[in-house]
Structures are given as structure tokens and as C-alpha cells.
Amino acid sequence: MRYQKPKGTADILPSDSKKWQFVEQTAQDVFESYNFHEIRTPIFESYDVFERSSGESSDVVSKEMYDFYDKGERHIALRPEGTAGVVRAYVENKLFGPEQVKPYKVYYHGPMFRYERPQSGRQRQFHQIGVEAFGSTSPQLDVEVMAMAEQLLSKLQINGMKLVINSLGDAKTREDYHQALVDYLTPFEGELSEDSKRRLGTNPLRILDSKDQHDQEIVQNAPTILDFLTPESEAHFEAVKDGLSALGIDFDVDHTMVRGLDYYTDTIFEIMVTSPAFNNSEMTVIAGGRYDGLVKEFGGPEEAGIGFGIGVERLLLLLAQDNDEVTPAPLDCYVVKTSDNVTTPAFEILQSIRRAGFSADQDYLDRKVKGQFKNADRLQARFVITVGESELAQQQVPIKNMATGVQVDVPVEEIKHDFKAVMAKLSE
RNA sequence: GCGGUAUUGGUGAAGUGGUUAACACACCGGUUUGUGGCACCGGCACACGUGGGUUCGAUCCCCACAUACCGCCCCA
């Protein structure tokens with residue numbers, strides 16, 4: 001093998017791309033029905049865009065960024081997530097302006113990059129479908145976004161999903177809680193796992209969802225962030241919960257749920273799915289939340305934002321589990337040639353069928369008639385037209401219904417001008 | 001970044017320190033004349049991830065690297 005794809009990348013072949021298209025199309029339909037519209041931003045951005053938004057100490061920035069210097073000495077990074085670029089575009093294009101209807105709602109889909117060890121459902125180039133809504137702090141918008149995420153998954157017939165929410169509060173909440181947590185954990189420092197000792201100084205919140213068993217025991221009695229919410233944040237969170245309940249959307253509150261990126265505020269949520277595809281353990285398929293300070297951080301006005309991202313690869317693993325049979329579309333017609341002398345007229349017939357909007361193909365490898373029929377069969381052609389010299393002399397060609405085996409002669413003109421009628425006649 | 005397992009043709013795979021690397025599927029060709037799905041016959045790995053080493057000799061032993069998968073970190 002001389003060449004192979006870069007580590008952590010994948011080729012999506014035609015048999016798979018059908019599933020991708022299905023997911024993307026479904027997402028688009030759902031999002032558009034909520035009045036979200038597509039935005040496309042660059043796959044790479046200035047490194048600072050991600051450093052600024054995600055937080056310098058975040059793992060994404062400190063060790064997972066796919067970055068490089070271009071020929072103009074610019075520090076560039078392939079986007080590790082979608083939100084930062086969208087916020088940058090929102091501010092740069094002044095979409096916060098009064099001529100825009102608020103909230104400003106967009107969705108996107110495309111590749112993201114993180115330099116890390118590949119695993120199942122986890123690659124260096126992976127794909128996300130995401131949405132963002134700017135310009136409203138209404139808890140109803142939080143509810144709408146979560147409802148939309150759930151609707152998409154159920155439309156994709158994903159089973160066993162669970163919505164988990166939490167609130168990170170506002171800046172003051174974070175500050176107070178951060179202090180309280182450090183105060184609580186410091187006496188246990190010696191008992192914490194190595195990772196958590198390190199996190200105590202850098203990002204104590206992360207200790208909350210440590211997988212280390214002893215860490216979890218310690219964390220069990222730690223203060224909860226929900227007790228530190230400011231009145232405004234608490235009211236917001238309550239309204240979100242009420243809103244979800246009012247719409248009949250089930251959810252769990254997990255006060256230990258945190259985020260790897262620093263920009264989140266107030267509501268954060270994840271939709272987790274338990275599936276054989278993930279060894280029957282829980283896997284987060286959708287994650288999102290509010291980021292009410294980000295727009296300002298990028299130089300825009302003090303404006304709220306909320307969004308979520310879907311891991312497409314993970315979603316597809318779930319789909320493969322449920323309905324693995326995605327049958328390839330059959331070909332409408334295959335044109336068989338009996339000799340080199342009919343190449344041009346056969347091609348004309350073929351093109352007329354294609355121009356009429358039907359899928360059709362022919363042989364390009366000089367196969368014998370038998371071989372051509374065999375390929376027609378493999379392509380699941382519904383009809384086969386055999387073009388030969390004697391037929392052309394009569395201006396009539398045999399067309400065969402491959403399912404029934406019935407073959408009849410039809411005038412060439414009829415095929416060229418109303419193939420639909422010809423097919424209809426033969427389908428009876 | 002750390003740890004574990006794996007790597008044989010188009011695919012699924014068997015196999016041994018030493019003559020022709022099983023078998024199956026797929027594919028190609030044929031079974032006389034221009035028609036598919038069946039049957040039969042024939043063909044199809046200068047080669048066993050890459051590079052070194054050990055050995056008289058390695059696909060099979062050792063080392064390194066690459067890639068894949070799993071776990072950790074982290075996350076979608």
C-alpha cells in the first residue's frame with residue numbers, strides 16, 4: 001500500500017454517502033421548519049478565534065488543535081468545533097444589526113478537526129451538524145433548541161435517548177462556585193487521582209465528571225453549582241425546566257455535568273443514547289448550551305447565543321444499528337449494444353432517456369451482449385434496450401422488462417420522445 | 001500523550017521456519033451463433049502492512065515504524 005489516508009480520517013464511499021445525505025437532509029428539513037437557515041463558514045480560521053472562544057486551558061486548545069503557519073506566517077487552525085467560526089462570522093458581518101430579525105437562527109454541517117487518538121465514533125476529521133441562535137436570552141429559546149434536537153433524533157428513529165440538562169449560571173455563579181468547589185476539594189487533594197490533582201488548579205469543574213471511582217466518592221458530597229445560581233440564573237433554569245415539561249419533553253438534571261469549552265453559561269444539555277453500537281454504554285450524540293458572553297468576546301454587542309452540535313459519525317453508528325439496509329437506487333434503463341457500428345445511435349438513445357430525467361447507463365468495456373445483460377442485472381436496471389444494426393434499419397428496438405422478462409419492440413422515436421410512456425406500457 | 005490487541009488476494013479468511021500460500025465469495029473468460037439472475041469448466045496472492053535484524057532459509061521469531069480497533073485522557 002503506497003498511499004493511505006491520514007490517521008483518523010475516513011473515505012466515505014457512495015454506499016455510505018447515501019446515509020450521510022439522508023441524515024443531512026433530515027436535519028435540514030427539521031431545522032428549516034424551526035426557521036433556522038444554513039450558514040457556511042471557513043473550515044480554517046485564525047488560531048486566535050478558537051483560542052479566544054474555547055479557553056486557553058481547554059484541552060481542545062492546549063493539545064487537540066490542528067494548527068499550522070501558512071505561507072504568509074499566519075497562525076491558522078482547522079476548526080475543532082463549529083460555534084467559534086459562526087460567532088466570528090456573526091460579528092464580522094454585523095448580523096447583530098437592527099435590520100436582522102432576532103433571534104438570528106442558523107445551522108451548519110461539515111468537517112471538524114481535532115488532533116487526538118482515533119477510536120470508534122471519534123476521528124481526527126469528524127463531522128458535526130450544528131445550530132446557533134443569537135440575540136435572545138429567552139428560556140423559551142433554550143426549550144426550542146432542545147425540542148428541535150429531540151425532534152431530529154426521533155425523526156431519524158433513534159431509540160433510547162435521554163436528555164440531560166444542567167445550569168452553569170452566569171459569571172458570578174461560576175466565580176462563587178469555583179471558589180466553593182476548590183475549598184471543598186483542597187482537603188482531599190492527596191486522595192484525588194493524578195488527573196484530578198492537576199485539574200484542581202486548572203479546571204476544578206472537570207473533577208466533577210471524573211471517571212475515577214474514588215474521585216466520584218469525594219465528589220459525591222461536593223457542593224452543587226445549582227445552589228450557587230444567582231436569582232436571575234435560577235429563574236432562567238426554572239423556566240427552562242417548566243418549558244420542557246410543558247412540551248412533554250422528559251429530562252434529567254445532572255448537576256455534575258460540565259463542558260470542555262469555557263464559553264458556556266446557564267443552560268447546558270446533552271442528549272445521550274444507549275445502544276448496542278456503543279457496547280450498550282451511554283454515548284453523547286448531541287451537546288450544546290448557552291454562551292451568553294461569546295458574541296461580546298468577539299467584539300460584538302452584549303448578545304446572547306445558544307446552540308448545539310451533533311456528532312455525525314456517532315449518529316451514523318446508531319443508524320447502522322437500526323436500519324442497516326439502505327438499498328441502492330435501481331437504474332431505470334440500460335442500453336445494450338451488439339456491435340461497434342451502433343455506438344453512436346445507441347448513445348443518442350441513451351442520452352435522450354437521460355435528458356428525459358431517467359437514470360440510464362451503458363457498457364464502456366466492449367463486453368459481449370451477455371456480459372452487458374449481466375451488468376444491467378447487477379445495476380438492477382428495470383429495462384434494457386438492445387440496439388443492433390437490423391433493429392436500427394427498422395427504427396425499432398427491443399426493450400425488455402427485466403423483472404418480468406417480457407420484451408417488446410418499440411419505435412426508436414417513441415423511446416426518444418416519450419420514454420415515460422414506454423416504461424409505463426411495459427410495466428403493466 | 002499513555003496502555004492493550006491486530007495487520008495474509010477485490011472480500012471473508014486458513015496456514016507453516018524450508019518444494020505449487022488452503023477454502024469460500026466476488027470478478028473475468030468459456031460451455032458454437034446478439035439477452036441477465038441457475039449449472040458446469042477454466043483463470044485470478046512475483047506474494048503474506050513498511051523497514052531492519054536473527055537464521056543456511058521467514059509470511060510464520062525479534063525490534064522499530066505505520067495504520068486500524070479497544071481502554072485512559074478528552075470529547076461530538
Side-chain angles (χ1 to χ4, degrees), chain A residues 1-10 54 57-65 79-83 109-130 149 193-196 198-199 202-203 206 209-212 257-261 270-273 278-279 281-288 307-318 334-342 363 365-391 397-407:
Chain A
M1 255 347 135
R2 185 67 202 278
Y3 296 108
Q4 43 189 188
K5 60 187 177 300
K7 184 180 184 127
T9 62
S54 303
S57 68
S58 71
D59 282 314
V60 166
V61 168
S62 61
K63 60 178 200 183
E64 293 174 0
M65 200 83 99
R79 63 185 184 192
E81 54 99 28
T83 302
H109 67 96
M112 309 290 163
F113 305 82
R114 287 183 200 175
Y115 192 89
E116 60 181 344
R117 196 76 174 263
Q119 277 171 54
S120 173
R122 230 167 113 169
Q123 296 173 298
R124 289 187 171 182
Q125 175 176 335
F126 62 105
H127 299 75
Q128 284 190 353
I129 296 175
S193 65
E194 287 309 308
D195 285 322
S196 290
R198 179 174 48 78
R199 288 188 284 225
T202 56
N203 194 347
R206 298 221 60 83
D209 66 355
S210 168
K211 291 198 181 66
D212 183 88
M257 185 167 78
V258 297
R259 269 293 109 85
L261 306 176
E270 292 185 9
I271 296 180
M272 307 201 256
V273 176
F278 306 137
N279 256 325
S281 62
E282 280 184 339
M283 179 71 104
T284 300
V285 175
I286 294 184
F308 66 71
I310 305 173
V312 181
E313 279 80 0
R314 290 182 181 183
L315 198 56
L316 287 167
L317 286 175
L318 294 170
Y334 195 88
V335 176
V336 166
K337 296 161 287 186
T338 62
S339 77
D340 288 347
N341 299 328
V342 301
D363 173 63
L365 295 176
D366 287 324
R367 279 178 223 280
K368 296 184 177 174
V369 171
K370 182 180 179 133
Q372 294 182 55
F373 264 87
K374 205 167 175 184
N375 277 344
D377 194 52
R378 288 214 288 170
L379 294 169
Q380 298 183 65
R382 298 171 57 203
F383 298 96
V384 172
I385 292 173
T386 305
V387 180
E389 292 176 52
S390 55
E391 286 87 348
V397 289
I399 175 165
K400 181 175 184 177
N401 180 325
M402 293 294 272
T404 65
V406 176
Q407 177 169 295

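Numbered from 1 within each chain, the chains take letters A, B, ... in sequence-line order. If you're wondering where the values come from, they're calculated on a predicted model, not measured in any experiment. All heavy atoms count here, side chains included; hydrogens, waters and symmetry mates do not.
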request  = Using the C1' atom on both, measure B:U8 against B:U59 and round to a whole Å.
outcome  = 7 Å
remark   = Looking only at B:C28, B:C72, B:U35, the nucleotide nearest the A:Gln119 side chain is B:C72
task = Could you check A:Val285 against A:Pro6 and say which one's nearest nucleotide on RNA chain B is further toward the 5' end?
result = A:Pro6
note = Picking from B:U67, B:A76, B:G36, the nucleotide nearest the side-chain atoms of A:Arg314 would be B:A76
query = Would you say the side chain of A:Arg122 and the base of B:A76 hold a donor-acceptor pair, judged only by whether the two atoms sit under 3.5 Å apart?
reply = no
No-H, no-angle donor-acceptor pair, A:Glu391 side chain to B:G34 base, under 3.5 Å = yes
request  = Go through the side-chain N and O atoms of A:Glu389 and A:Asn341 and say whether any donor and acceptor fall under 3.5 Å apart.
outcome  = yes
ask   = Partner of B:U31 by Watson-Crick or G-U wobble geometry, both contacts under 3.5 Å, or none?
value = B:A39
key: Nearest to side-chain heavy atoms of A:Thr386, which nucleotide of B:G36, B:U35, B:G3   = B:U35
request  = Please tell me which of the listed nucleotides, B:C28, B:A68, B:G36, lies nearest to the side chain of A:Asp377?
outcome  = B:G36
message = Here's one to test your reading of the geometry: is the NZ or CZ of A:Arg124 within 45 degrees of the ring axis of A:Phe113 and under 6.0 Å from its centre?
response = no
inquiry  = Tell me if the side-chain of A:Gln407 makes a donor-acceptor pair with the base of B:U35, cut-off 3.5 Å, by modelled atom types.
reply    = yes
request  = Please state the C1' separation for the pair B:A24 and B:U5 - nearest whole angstrom.
outcome  = 27 Å
query = What is the base-pairing partner of B:U5, counting Watson-Crick and G-U wobble geometry with both distances under 3.5 Å?
reply = B:A68
message = Suppose we call a contact any N or O donor and acceptor under 3.5 Å apart; does that hold for the side chain of A:Arg117 and the base of B:G3?
response = yes
message = Let's test your reading of the model: under 3.5 Å, does the base of B:A76 pair with the side chain of A:Glu116 as donor and acceptor?
response = yes
inquiry  = Taking the P atom in each of B:C60 and B:U7, what is the distance between them to the nearest angstrom?
reply    = 12 Å
message = Measuring only the C1' atom in each nucleotide, how far is B:G9 from B:G3? A whole number of Å is fine.
response = 33 Å
task = Write down the distance separating the P atoms in B:C69 and B:G12, rounded off to the nearest Å.
result = 14 Å
